Amino acid sequence: MNTRLIIQIAYSLLMARWKQTLVAAIGVTFSITMFITLLSFMTGLNKLLDGLVINRTPHVRLFNEIRPDSIQPIQKAPGYRSHYHMVRSIKSGNSRQEIYNSGAIMERIAQDPRVLGLAPKITTPVFFNEGNIEITGVVYGIDIEAESRLFFFTDYVVKGQAADLKNVSNSIILGKGLADKLLADIGDIVQLTTSQGEQFRLKVVGHFQSGLQELDKTQSFASIKTVQKIMGKANNYITDIQVKLTDINQAPKLAKEFNKVFEIDAEDIQTANSQFETGTSVRNIISYAVGITLLVVAGFGIYNILNMMIYEKMDSIAILKATGFSGKDVNRIFIMIALGIGIFGGLTGLLMGYLLSSLIDQIPFNTAALPTVTTYPINYNPVYYFIGGAFSLITTYFAGFFPARKASKVDPVVIIRGK
Amino acid sequence: MNAVILEAKHIYKQFYDPVKFDVLKDINFQVRAGEFVSVIGKSGCGKSTLLYILSTMDTDYQGELLVDGVKMTGKKEKELAAVRNEKIGFVFQFHYLLNEFSVMENILLPARKLAKKTEAELKERAHFLLNKLDISKLAEKNPRQLSGGEKQRVAIARAMVNEPAIIMGDEPTGNLDKRNSEIVFATFQQLAQEFNQSLLIVTHDPEFAERTNRIIEMEDGRIIRQ
Ligand SMILES: Nc1ncnc2c1ncn2[C@@H]1O[C@H](COP(=O)(O)OP(=O)(O)OP(=O)(O)O)[C@@H](O)[C@H]1O
Ligand SMILES: [Mg+2]
């Protein structure tokens, strides 16, 4: 009952000064609008940029690193166990990049409930021959279905059909930059030389554009079978197993586990791409900082208006106190006024923020580097709306806190005597 | 004899600005139910100061104050606010209505705060008072649209709404012309007679004082006659 009365009084005081109230509320609205728009846009951009890498990057990658054995044969010899070993000029012994027993490993990993899916891959360096020029490049042998499902391969094929990689024998999809260098359009034949010196002729069935230009100048894709063939390897030859997890944050843990269980190198995405995380968090911090600064400014606006209102309403406060309202009641009335401005300004701010971000979402944004994007990216995350709403209430509460306390301390005797 | 509604026992008060001086010295008196008492005295003798203490708004004094038999001295701010709300009606010289509310809402404000009756009962009470004070046609008006005399009658209605033990007034007619003063005085008298309402009114007007039940006369912070 008392609360309703206090809300009613607060409302009447607000309405009596609705112009100032509106100005104060617009301050809050503006800052919340900017906060929502900025965060939605910034994180949308973040997601897009991260997507460039994260969509294309396995959460855990299994491979064989070429490096010297950490245990040299002499250490295994029982006769020299207590001796000090000095081995000079160690060579990398494991010259094979192949993953041994890859079929069994893939079967095991695929059954793990934490794993969303996996895609085998072969990486091999080649030279593309164009007349007498040789261009260094890489051919990836991929399982086109798994690659499309897990790493959105088809999205990045800008010309031709991704499926032709499987349907057309001895076919290849070239990176956009590479294709430009080779002047190779769909249906053309390109010639390449493997590191073993073998020459092959492959038919171009598509162009690929990852958005990272440097990569597009060197990389190309063929089916696993084709790559096995050009390398002269058996049909169980695999150099990489790319694993996508249900929860990306589990990657470091699983990488360790796979490394132990399969005795194979395992790299998680966080280690491989730490710089992207940093970029993301910096952009987030900027957005929050700008939003909060705007809100604090709006908070000062509210503080000013409440202070002014209290000076104006001294008589009303005195009369309320004389007729039986306690200091606490008066305090609550002014807090309620502040919160009223906050709620009204905040809600309209959330709405305006939503409208503004959907407007930005409509603006065309075409860039050669990002073939899948046609408009500016917006991230409609309800969490930002929740944070924005909470912030507007918290700032207005604090803006109202001191004026309300001042109002509650007004001595009615001083006011009444002062008349 | 009627019950004692208001009792002051050995009330002293000092001001320290600019030098220490005693505004009130050993004030002792009682107001009984249904009494219409006026307080008179020269300007600056401490009438208003005394009234603020009696109304519980000023707590900086020595001595003891009892309202309706309950000791007020030493109570907390919140408790005193509740006492003012329920037991004391106050009428000021400068009307003091809230311009943000209609006449009706001004009258209902203390009653809604008390919250002892339903909204319908409160409205009925307010209409009853407006009728009694002959201002029922003003109910939905804004205080800004009222004349001085009308405002003061609305203030009286507001003071009456919770059926207080006592109504206090600090020169409630001081700001009004002869005709309006007469109306306000008549209203007080009517309240005293019809509802057995206790009243304690500070006034400068000797004619006004003469027509009350009892006169308390002050001089230099003391009661010299009652
Ligand atoms: N806050 C204060 N600080 C210092 N002195 C004060 C203060 N308030 C009032 N006084 C002094 O106390 C004395 C009594 O003041 P009070 O207002 O009670 O007089 P009053 O009898 O109501 O006079 P009037 O008839 O003019 O209204 C006056 O001399 C006044 O100057
Ligand atoms: Mg006075």
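Predicted, not measured: the structure shown is a model, and the values here were computed from it.
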Dump the intermediate steps for salt bridge (Lys or Arg N to Asp or Glu O under 4.0 Å) on B:R125 and B:E121, then the final yes or no.
CA-CA 6 Å; B:R125 167 84 179 153; B:E121 287 172 322; over 6 Å; no

Heavy-atom pair with the smallest gap, counting every atom of A:V28 and A:T396:
CG2-CG2, 4.2 Å

At a heavy-atom separation under 4.5 Å, does A:I9 approach chain B through its side chain, its backbone, both, or neither?
both

Chain A: which of B:E105, B:E86, B:E100, B:E79 shares the most heavy-atom pairs with it under 4.5 Å?
B:E100

Residues 324-337 of chain A side chain polar contacts: donor-acceptor under 3.5 Å, at least two apart:
| residue | atom | partner | partner atom | Å |
| --- | --- | --- | --- | --- |
| A:S326 | OG | A:D329 | N | 3.3 |
| A:S326 | OG | A:D329 | OD2 | 3.1 |
| A:D329 | OD2 | A:S326 | N | 3.0 |
| A:D329 | OD2 | B:K113 | NZ | 2.6 |
| A:R332 | NH2 | A:T3 | OG1 | 3.2 |

Can you tell me which portion of B:T56 sits under 4.5 Å from chain A's heavy atoms? Options are side chain, backbone, both or neither.
neither

Report yes if some heavy atom in the side chain of A:I36 is under 4.5 Å from a heavy atom in the side chain of A:L350; otherwise report no.
yes

